[in-house]
Structure formats: C-alpha cells, structure tokens
Amino acid sequence: MKIKVLGSAAGGGLPQWNCNGRNSRDARAGVEGLRARTQSSLAVSPDGRDWTLLNASPDLRQQINDNVELHPNADGGPRNSPIKSVVLTNGDVDHVAGLLNLREGQTFRLFASERVIATLNSNSIFNVLNPAVVERVPIVLNRPFAVDEHDGLVVEAFAVPGKVALYLEDEASGPNFGTREGDTIGLKVSTSDRGRSFFYIPACAEIDAKLAARLTGAALVFFDGTLFTDDEMIDQRLSTKTGARMGHMNMSGAQGSMRAFESLNVQRRIFIHINNSNPVLREGSEAHATVMAAGWEVAHDGMEVTL
Ligand code: MLT
Ligand code: MN
C-alpha cells in the first residue's frame, strides 16, 4: 500500500494568507528549516494505480499538480483520473472545500458520515459534483467498506472525540456546540486481505480508553498535530481559542498526545494537520527536538510511506 501526504498543515496552511505570526512570516521569507505546507490530506493506493483521497483540502488543485501519481493517464483517453474515491473525516472547510476542484464531470465515489453528507446536500454549490457521476455514500461507523470493486482498499470509520465543524457550531443544539457522535471520525485503512493497515486521525480532542484500545499495536498512525501547547494561538496573539475549544488535543504535557501514545506500542507515529502556530514546524526548534526524541515524525507535503 502506498501513502502520499498531499498536505500536512491544518486549516490555513503554512503560510496562511492573512497570518503575520512568526512561522508564517518566516515560511514566506524562505527561512531554512521551515517548509511551506498545504492543508491536510492523504492519497492512498493499494497498487500505485488507483488512488483514494482522505479529505479534499482547499489546496487540492495544487496537490494534484504536485503529485504525478494523481495526474491523468496519458493512455487513458481525453479525460481520466486515477482518483477513484474520496473519504471525508469531518465537514471542516479544510477537508471538504477541495471537492469543488473535482467538478469536471469525473466519476468517483464520495464517502462521508451521514451528517457530513447532509451538510453537502444542503449546500447547492456541491451539486457541481453531479450526483449522476459522483455517488455520495453514507458511512456506517465501525463497519468496514471497500472503496470500490477493484481498488483493494478497505476503510473502517470510527467516532473519535471532537467537535462539529466551526461553521455548524450551534450552542442551542446541545453540549459542545451541538456536536454528535460521528461528527469527527478516524479511519483505519487496510489492504483488502487486511495484511497491512494504518490509521488517519487528523482531528481528535482526546484519546479515551476506546480509542487507545483501537490504536494499540498499530503499525502506523497519522495523528492530529494541530498544536504543541493548548494555548499557543492565544500566546502568539493569533486567536482567542485554545486547542480544547477547537476540538484538538495538543502534543505536549500530561494531557497531550505524546504522553497518551507512550503506552500504545504504535510502531510509527506521524503528526499531521499541523497548525501554522506550532513550533514543531521549525526544524531544529526545541519543540521539534522533543517530538523527535519521543519517536514521532512531523509530516511534510510529498512525504511517502509504503506499507
Ligand atoms: C479545525 O481543524 O479546527 C478546523 O479546520 C478549523 C476551521 O474550520 O478553521
Ligand atoms: Mn482543520
């Protein structure tokens, strides 16, 4: 199974268009050790031929252009694409806006939770994905499904602690801004013989006992790397929100993801969906050294993993 990191940053990317924080400023200036990053998405393929996108970021057009595997096949006729399916982990703008780039009448299958599909259905701009050629398939949690008949990939989605998309927050509709189970999902992606598998969890508010049990012994996990410390966006005067408020657990400290993973025996741990405020983006920083020492990797655009 081949995995390509199309985008490794959280919403906004690095640099973010209106951000004058230190990371965005230095990335813009080309400071060494600080690579520009597009918004979080993976491409996965069992054979290097047919590809499934995990999330569709607003940067998808650039991501396709930057990754030759996703270009049309020269012998495949006037219009074709190796992208056969797209699986969404939530309704966040950084994960769904790229669907609009896939509007040229190309057939693929779109998998998402029932609530995310309802959100897409309720917004007529997404009808540019002609329902006659782009089937919207609701995901049933905890029930593995094949992404298509030939592809050889099986995906299982499961609910993780999180928050409903920012633009759907509604205090009147219940606790945590009306969040319901399944608004944020993690994905386990396996080869059809189940011989190889990995997890993709770009948003997660907490590793509870259920999630810890699920991840224990995994070969590879891509995990929410939004923030290093819960209040770093406030510290840098970029926002008034903590990570907890946004539905993201941070990396460091007693409540952080590095500590939570210590006992899970996961062979390979890669942070993804990294916010432009996060000091781990800067190679050589203390935070970067800390995550390396804890056995983590920091995803970058174009990173390739073969499982
Ligand atoms: C998030 O990951 O918290 C969201 O992408 C935030 C946003 O929509 O800007
Ligand atoms: Mn996001």
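Whatever order the structure lists them in is the order used to number ligands and atoms, beginning at 1. Positions are given from 1, in the same order as the sequence printed here.
Just one residue in the list T89, T226, N55, N278 forms a side chain to side chain donor-acceptor pair (under 3.5 Å) with H273, and that residue is T226.
Under 3.5 Å, the side chains of T38 and Q63 contain a donor-acceptor pair of N or O atoms. N67 and K4 share a side-chain donor-acceptor pair at under 3.5 Å.
Electrostatic pairing of R245 and E169 counts as a salt bridge here, judged by a charged N lying under 4.0 Å from a carboxylate O.
Aromatic ring pairs are classed by plane angle as parallel below 30°, tilted from 30° to 60° and perpendicular above 60°; the pair F271 and W296 is parallel.
Nearest N/O/S atom of D94 with respect to the Mn ion (ligand 2) is recorded as OD2.
For F223 and F199, the gap between ring centers reaches or exceeds 6.0 Å.
Relative to the ring axis of F158, R143 does not place its NZ or CZ within 45° and under 6.0 Å from the centre.
Within the 2.8 Å limit, H273 places at least one N, O or S atom next to the Mn ion (ligand 2).
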Check ligand 1 for close polar pairs with the protein: N or O on both sides, less than 3.5 Å.
{"residue": "ligand 1", "atom": "2 (O)", "partner": "D92", "partner atom": "OD2", "Å": "3.4"}
{"residue": "ligand 1", "atom": "2 (O)", "partner": "H248", "partner atom": "NE2", "Å": "2.8"}
{"residue": "ligand 1", "atom": "2 (O)", "partner": "H273", "partner atom": "NE2", "Å": "3.2"}
{"residue": "ligand 1", "atom": "3 (O)", "partner": "H248", "partner atom": "NE2", "Å": "2.8"}
{"residue": "ligand 1", "atom": "5 (O)", "partner": "D92", "partner atom": "OD2", "Å": "3.3"}
{"residue": "ligand 1", "atom": "5 (O)", "partner": "D94", "partner atom": "OD1", "Å": "3.0"}
{"residue": "ligand 1", "atom": "5 (O)", "partner": "D94", "partner atom": "OD2", "Å": "3.2"}

